[in-house]
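What follows is a single structure, written as structure tokens, with notes after it.
Nothing here was measured: the structure is a model prediction, and the numbers come from that model.
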Amino acid sequence: MATPRSLAAPFSVTRLAASSLSTLRPEVCRFATPAYQTIRCATTSKTQPAKKKKARNTFRQYDLKKTEQFALVDAMQYIRAFEVGRNPSSSKYELHVRLRTLKNGPVVRNRLRLPHSVKTDLRICVIAPADSKAGQEARSAGATLVGEEEIFKQVQEGVIEFDRCICHIDSLQKLNKAGLGRLLGPKGLMPSTKTGTVVTNVGPTVRNMVGGSEYRERLGVIRMAVGQLGFTPAEMQENIKSFMDALKKDVSQLQDRVSKEIHEVVLSSTNAPGFTLNGEFKGPNSISPALLTGPL
């Protein structure tokens, strides 16, 4: 039979062990903790939140030194080869201008009448009384739809059969009262003084819109049709020069707000790839410009 002393011994040893552990250094006590606690602490100490990659605030540009560049005559020759068999008036030359600019800065937007206009099938709507002087001028200038209440009713019913909309300044109050902004606004058709589509002289505006072309910067690139495939290299040169002069003027007006620089100019067509232009009209090995006119 166990004596009271022998029964008390284990409790004394236990108290002795606890007092001994309490005198150990902290680093020694760490190893005395249960294994699962040690592993958990080690895992927690090593996990750190991943650093977010800083987003670019400008569009990515490529080094043009590694890009083959072409004179205008050479680019037109290759583009016409891609368009063989097509009607010269059905496809168009398109110019793409890439800018070095901020992503969230103001954009370039304007309308230009080229020296050799590119035929377009724009349907222009003019908000003005049909029997008024402004309405008659709009009709003679090439507008396809002229009126007020009848046009408001068509738009409210969801019938929008026009590509551009101009409003005479005397009809602006009626237009705002009709509440067409929610229907025309998302399509970019709502007239406003900011975009130059609320005017006093309807006739010149319609004529300029019929023969003119609109360009706007999107994602750092401006695209615009600058000619038809039947145009001669000389006509293309005049159109491109006129467009680039207007674009440089637009860019200079934004210099006080944001920096914009022309990085690359590419010529393409409806069915052909793009060719980077070097600014020259023709190269030493270019074909005669007279061969790039007429049917393909």
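Residues R207 and A141 approach most closely at CG-CB, 3.6 Å, considering heavy atoms. The shortest heavy-atom contact between E83 and N271 is OE2-N, 2.9 Å. For the pair P115 and E238, the tightest heavy-atom approach, listed with the atom from each and the gap, is CG-O, 4.0 Å. Residue M236 comes nearest to F231 through the heavy atom pair CG-CB, 4.0 Å, listed as atom of the first residue, atom of the second, then distance.
The shortest side-chain heavy-atom distance between V155 and F162 falls under the 4.5 Å cut-off. In this structure, V265 and F243 have side chains that are not in contact, with every pair of non-hydrogen atoms separated by 4.5 Å or more. The shortest side-chain heavy-atom distance between I262 and L99 falls under the 4.5 Å cut-off. In this structure the side chain of E280 never reaches within 4.5 angstrom of the side chain of D74, judged on heavy atoms. A heavy-atom distance below 4.5 Å is not found between the side chains of H168 and V126. Between K174 and I127, the closest side-chain pair of non-hydrogen atoms is not below 4.5 Å. The shortest side-chain heavy-atom distance between C165 and T197 does not fall under the 4.5 Å cut-off. Using a 4.5 Å heavy-atom threshold, the side chains of E161 and L145 count as separate.
Without hydrogens or angle criteria, N239 side chain to L114 main chain gives no donor-acceptor distance under 3.5 Å. At distances below 3.5 Å, at least one donor-acceptor pair connects side-chain atoms of T205 with backbone N or O atoms of N201.
Here CG of L95 is found 6.5 Å from CG of L277. Values are rounded to the nearest 0.5 Å. Atom CD of Q77 sits about 11.5 Å away from atom NZ of K282, to the nearest 0.5 Å.
No option in K248, E217, R100 other than E217 meets the side chain to side chain contact (heavy atoms under 4.5 Å, CB included) test with K260.
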Could you go through D245 and K241, starting from their C-alpha distance and side-chain angles, then the distance that decides it, and tell me whether this counts as salt bridge (Lys or Arg N to Asp or Glu O under 4.0 Å)? CA-CA 6 Å; D245 290 343; K241 184 179 184 304; 3.0 Å; yes

Stepwise side chain to side chain contact (heavy atoms under 4.5 Å, CB included) check, Y93 with V226: CA-CA 6 Å; Y93 288 108; V226 293; 4.1 Å; yes

Intermediate values then yes/no, side chain to side chain contact (heavy atoms under 4.5 Å, CB included), K249 and N110: CA-CA 11 Å; K249 183 178 179 180; N110 209 338; over 6 Å; no

E68/T276 under side chain to side chain contact (heavy atoms under 4.5 Å, CB included): CA gap, chis, key distance, verdict: CA-CA 7 Å; E68 187 175 3; T276 302; over 6 Å; no

With side chain to side chain contact (heavy atoms under 4.5 Å, CB included) as the test, would you mind laying out the steps for M224 and L112 before giving the verdict? CA-CA 10 Å; M224 180 175 171; L112 174 66; 4.3 Å; yes

